[in-house]
Amino acid sequence: MTSTIAPPLQAPAHDAAWLPAAIAILALLAVLTYGLPVQRAIVMIALAPAFEEIVFRLGVQDRLMRWTGSATVANLGTAALFALAHLITRGDLRALWVALPALAIGYVYARAGRVGLCIGLHAAANAMWLVWQVA
């Protein structure tokens with residue numbers, strides 16, 4: 001028996017392509033309002049989400065999807081690798097909590113197939129984390 005992979009849902013032609021950029025801009029403004037250094041805000045809200053989503057969604061999640069044929073397995077594996085990468089770079093077990101938003105963003109990617117939306121969601125999650133850190 002062969003397994004078929006369902007294609008991602010197709011976004012309608014009137015899809016709000018501006019939404020990820022708007023979320024990221026609002027998140028950046030919120031963080032800057034709390035007085036964080038601009039460099040840290042830019043890295044956490046623009047650079048890190050773009051880099052990480054390209055690597056983990058377009059690289060890891062897509063590859064796992066092709067290898068396993070399962071969107072769920074691909075999402076779980078990607079979230080686990082994402083959490084492990086954060087654990088290694090931070091050296092703090094609390095870094096494993098990033099697996100939760102990674103699972104949600106991975107689900108969105110599996111359904112919509114749009115990395116730009118994932119970048120916007122990731123930027124918003126990072127902004128909320130930064131605001132929580134200084135509030």
Side-chain angles (χ1 to χ4, degrees):
M1 181 165 91
T2 60
S3 173
T4 58
I5 300 171
L9 295 176
Q10 296 299 315
H14 62 279
D15 185 33
W18 52 268
L19 186 59
I23 291 171
I25 290 168
L26 289 173
L28 180 60
L29 291 173
V31 169
L32 293 176
T33 300
Y34 280 90
L36 287 175
V38 174
Q39 297 87 347
R40 183 170 184 209
I42 289 171
V43 168
M44 292 292 294
I45 297 172
L47 300 178
F51 174 77
E52 290 175 349
E53 292 304 324
I54 288 168
V55 168
F56 285 95
R57 301 297 161 221
L58 295 178
V60 176
Q61 191 165 342
D62 279 352
R63 180 77 43 105
L64 286 175
M65 179 68 162
R66 284 194 300 275
W67 284 350
T68 67
S70 168
T72 302
V73 170
N75 189 18
L76 289 170
T78 302
L81 287 173
F82 186 73
L84 181 61
H86 281 76
L87 175 63
I88 291 168
T89 58
R90 291 187 194 165
D92 182 354
L93 285 176
R94 291 177 295 176
L96 295 175
W97 284 103
V98 301
L100 295 177
L103 284 170
I105 294 170
Y107 176 80
V108 169
Y109 181 71
R111 299 290 294 164
R114 305 194 55 176
V115 75
L117 181 57
C118 297
I119 292 169
L121 291 171
H122 192 146
N126 282 4
M128 288 187 286
W129 181 82
L130 285 171
V131 168
W132 178 73
Q133 293 295 308
V134 297

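When the side chains of ILVMFWY residues are joined at heavy-atom separations under 4.5 Å, either directly or via intervening members, Phe82 and Phe51 end up in a single hydrophobic cluster. Taking hydrophobic clusters as Ile, Leu, Val, Met, Phe, Trp and Tyr residues chained together by side-chain heavy-atom distances below 4.5 Å, Leu81 does not share a cluster with Ile54.
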Item checked: CA sep, side-chain torsions, deciding dist, call: Tyr109, Asp62, side-chain hydrogen bond (donor to acceptor under 3.5 Å, both in side chains) -> CA-CA 10 Å; Tyr109 181 71; Asp62 279 352; 2.9 Å; yes
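Note that CD of Glu53 and CD1 of Ile119 are 6.5 Å apart. Values are rounded to the nearest 0.5 Å. In this structure, CZ on Arg111 lies 13.0 Å from CG on Leu117, to the nearest 0.5 angstrom. Atom-to-atom distance recorded for Leu84:CG and Thr89:OG1 is 9.5 Å, nearest 0.5 angstrom.
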For residues 94-107, which side-chain donor-acceptor pairs fall under 3.5 Å, sequence neighbours excluded?
residue: Arg94; atom: NE; partner: Asp92; partner atom: OD1; Å: 3.4
residue: Arg94; atom: NE; partner: Asp92; partner atom: OD2; Å: 2.9
residue: Arg94; atom: NH2; partner: Asp92; partner atom: OD2; Å: 2.7

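Closest of all the heavy-atom pairs between Val43 and Pro49 is O-CD, 3.8 Å.
For Gln61, the side-chain hydrogen bond (donor to acceptor under 3.5 Å, both in side chains) criterion is met by Arg57, not counting sequence neighbours.
The number of heavy-atom neighbours closer than 6.0 Å to CZ of Arg90, taken from other residues, nucleotides and ligands shown, is above 12.
Aromatic ring centres of His122 and Phe56: separated by at least 6.0 Å.
The salt bridge (Lys or Arg N to Asp or Glu O under 4.0 Å) analysis of residues 67-85, with sequence neighbours excluded, yields no pairs.
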